[in-house]
Amino acid sequence: MQVLLQTPSEKQKIFLKDSHRFVAFGGARGGGKSWAVRTKAVLLALKYRGIRICILRRTYSELRVNHIDTLKSQLLGVALYSEGKREFYFPGGSVIYCRYCQNENDLGKLQGTEYDVVFIDEATQFTESMFRMISACVRGTNSFPKRVYLTCNPGGVGHGWVKRLFIDKKYNKGETPSDYSFIRSLVTDNEALMRFDSGYIKQLESLPSKLRKAWLEGDWNIFEGQFFEEFRDVPEHYADRRFSHVIEPFEVPASWPIYRSYDFGYGKPFDCSWWTVDEDGRAYLILQLYGCARYPNTGVKWSPDRQFSEIHKIETEHRWLKGKNIIGVADPSIWDSSRGEAIIDTADRHFVHFSPGDNKRIPGWMQCHYRLQFDSEGRAMVYFFKTCTDAVRTLPLLEYSKHNPEDLDTDGEDHFADSFRYFAMSRPIFLSEAPRARTDFYGDDPLDLRGGGRYKKYSYI
Ligand SMILES: Nc1ncnc2c1ncn2[C@@H]1O[C@H](COP(=O)(O)OP(=O)(O)OP(=O)(O)O)[C@@H](O)[C@H]1O
Ligand SMILES: [Mg+2]
């Protein structure tokens, strides 16, 4: 019987030898974390006959692609795999349990089970209470090691507690500092990836500067301040306005398509934005109807009926829109009919039609960031006519969320931003010239280039 294991990097070696109760590894993207998890799990299963090991991810698809598929081929002829139970059985009696923790129900299933060693891959995707509950499963009346291994990147719902325990090392009552160990590993420490896929580092380098600092340099102190930090509104008296997202309106060519994005609001602002796209895929916000925010003290509310009748009126009268086949995308919650007529039915009555927008927030924000980025000549993939004053006013005001640092603070005036996000997700772009030649991917991962084809800079999928 033989298990083939690749040679670890220097950082992975330190991780494999670490025997603290809580060992965290990584702190940036691509540092060889998931590899280290699989390798350590197999080594433990072979060394301690009868040990119970659990590998955890937040979602089943991440678990399967990052771990199950690879372990199945690596352990072929060594351990038996049960598809139904998602467990690997080793001849000596050791078991690797592959588990995910997408919701409370999944967490409930873990409660009461006992493991000797648990691996939480991408621990920053887990809340602190999940971590506590999972850690409580690590127990048993045997002499096997009792450990929790965690891998992590800055960002995600668990950013705060992972940073406190492993980066800032600030402990609460009942926590023993000597139990915690952190091994930093950046993409540059992953010698194998550097050798075979140098394109991946380019992709990290092309991220907006804060995310780049987080994922490339492993900086945990980045989620403060303006969310759309790349947004530029260069004043009109500057001669060179190339690096400005806000532009003078121009006459929209009749052949360019028109899109409409909509974020519902009643009592709070709604946003209806009209976009056009040129031959290069560059988007322009050309018109905007932004509900009642301009009259914050009047208490004026536009009912859904009023909103859609105004939208319809604009679409039948404005020279850029009338007679056009307008493609609409909207906040999916407007399909909800649990409290009477769904908003979408009201819209349909006014001949304003939509399809549901993709509401995944983090990939959606990444698409907005990608579009906002300037190339070396000062060209972005999205521009805003300066007449769309509520877009131009609100976008730079938005701040990072304190709870989920990859998201924005939803207490801000984010109605246009949401509408922009639905539009951006309906026409996603990639930034990379050389896509990442990797076989694993991540459910909601904005760096995930599933499909693997060769893309020109800023091409469509
Ligand atoms: N020691 C090694 N030998 C060979 N290949 C390796 C080694 N370590 C990592 N790799 C490969 O490098 C790539 C990235 O590694 P891995 O997926 O473990 O990184 P990660 O830190 O989990 O990345 P992410 O932050 O994207 O989750 C994978 O293709 C993996 O198989
Ligand atoms: Mg990983």
Exactly one of Tyr383, Phe384, Tyr262 clears ring-ring contact (aromatic ring centres under 6.0 Å, His included) with Phe420, and that residue is Phe384
Would you call the rings of His318 and Trp320 parallel, tilted or perpendicular, where under 30° means parallel and over 60° means perpendicular?
tilted
Counting N and O atoms only, with roles assigned by atom type, does the side chain of Arg99 sit under 3.5 Å from a partner on the main chain of Leu63, one being a donor and the other an acceptor?
no
Donor-acceptor pair, distance only, cut-off 3.5 Å: does the side chain of Arg232 make one with the backbone of Glu229?
yes
Within a 6.0 Å radius of atom NZ on Lys109, are there more than 12 heavy atoms belonging to other residues, nucleotides or ligands?
yes
Would you say the side chains of Gln373 and Ser206 form a donor-acceptor pair under 3.5 Å?
no
Check whether Ser82 reaches the backbone of Glu87 with its side chain - one donor and one acceptor, N or O, closer than 3.5 Å.
no
Rounded distance [0.5 Å steps], CG in Leu71 versus OH in Tyr81:
9.0 Å
Is a donor from one side chain sitting under 3.5 angstrom from an acceptor on the other, for Asp407 and Trp365?
yes
Taking Glu317 first and then Lys322, would you say they form a salt bridge - that is, a charged N and a carboxylate O separated by under 4.0 Å?
no
Does Asp409 have any salt bridge (charged side-chain N to carboxylate O under 4.0 Å, His left out) partners at least two apart in sequence or in another chain, and if so, which?
none
Just by distance, no angles: are the side chains of Asp331 and Ser333 close enough, under 3.5 Å, to form a donor-acceptor pair?
yes
Aromatic plane relationship, Phe250 with Phe385 - under 30° parallel, 30 to 60° tilted, over 60° perpendicular:
perpendicular
Just by modelled atom types, is the Val329 backbone N or O under 3.5 Å from a matching donor or acceptor in the Ser355 side chain?
no
Heavy-atom distance under 4.5 Å between the side chains of Leu186 and Asp189, does that happen here?
yes
With rounding to the nearest 0.5 Å, note down the distance linking CD in Gln74 to CG in Leu5.
5.5 Å
What one should report as the nearest heavy-atom pair of Gly27 and Pro154 is O-CD, 3.2 Å
How far apart are the C-alpha atoms of Phe131 and Phe126, what are their side-chain angles, what is the distance that settles it, and do they pass the ring pair (Phe, Tyr, Trp, His ring centres under 6.0 Å) test?
CA-CA 7 Å; Phe131 167 64; Phe126 292 72; 9.2 Å; no
Given 3.5 Å as the limit, does a donor-acceptor pair link the side chain of Lys324 with the main chain of Ala254, or not?
yes
Quick check: Phe15 with Tyr149 (ring centres under 6.0 Å apart)?
yes
Any carboxylate oxygen within less than 4.0 angstrom of a Lys/Arg side-chain nitrogen, looking at Asp305 and Arg349?
yes
Would a distance-only check, ignoring hydrogens and angles, find a side-chain to backbone donor-acceptor pair under 3.5 Å from His245 to Val392?
no
Taking only residues two or more places apart in sequence, or in another chain, which ones meet Arg132 in a salt bridge (charged side-chain N to carboxylate O under 4.0 Å, His left out)?
Glu128, Glu175
Got more than 12 heavy atoms from elsewhere within 6.0 Å of NZ, Lys213?
no
Any donor-acceptor pair under 3.5 Å linking the side chain of Arg371 with the backbone of Val382?
no
So His369 and Phe228, would you call those rings parallel, tilted or perpendicular, with 30° and 60° as cut-offs?
tilted
Once rounded to the nearest 0.5 Å, what's the spacing between atom CG of Asp414 and atom CZ of Phe227?
10.5 Å
Measure the CD-CD distance between Glu191 and Glu10 for me, rounded to the nearest 0.5 Å.
6.0 Å
Spell out, as yes or no, whether a donor-acceptor pair under 3.5 Å connects the side chain of Gln12 to the backbone of Gly32.
yes
Just by distance, do the side chain of Arg58 and the backbone of Cys101 share a donor-acceptor pair under 3.5 Å?
yes
Checking ring-ring contact (aromatic ring centres under 6.0 Å, His included) between Trp275 and each of Tyr284, Phe423, Trp256, Tyr259, which is the one that passes?
Phe423
Check for a donor-acceptor pair, side chain of Lys33 on one end and backbone N or O of Ala28 on the other, with a separation under 3.5 Å.
yes
Indicate whether the side chain of Asp121 and that of Ser34 have a donor and an acceptor atom separated by less than 3.5 Å.
yes
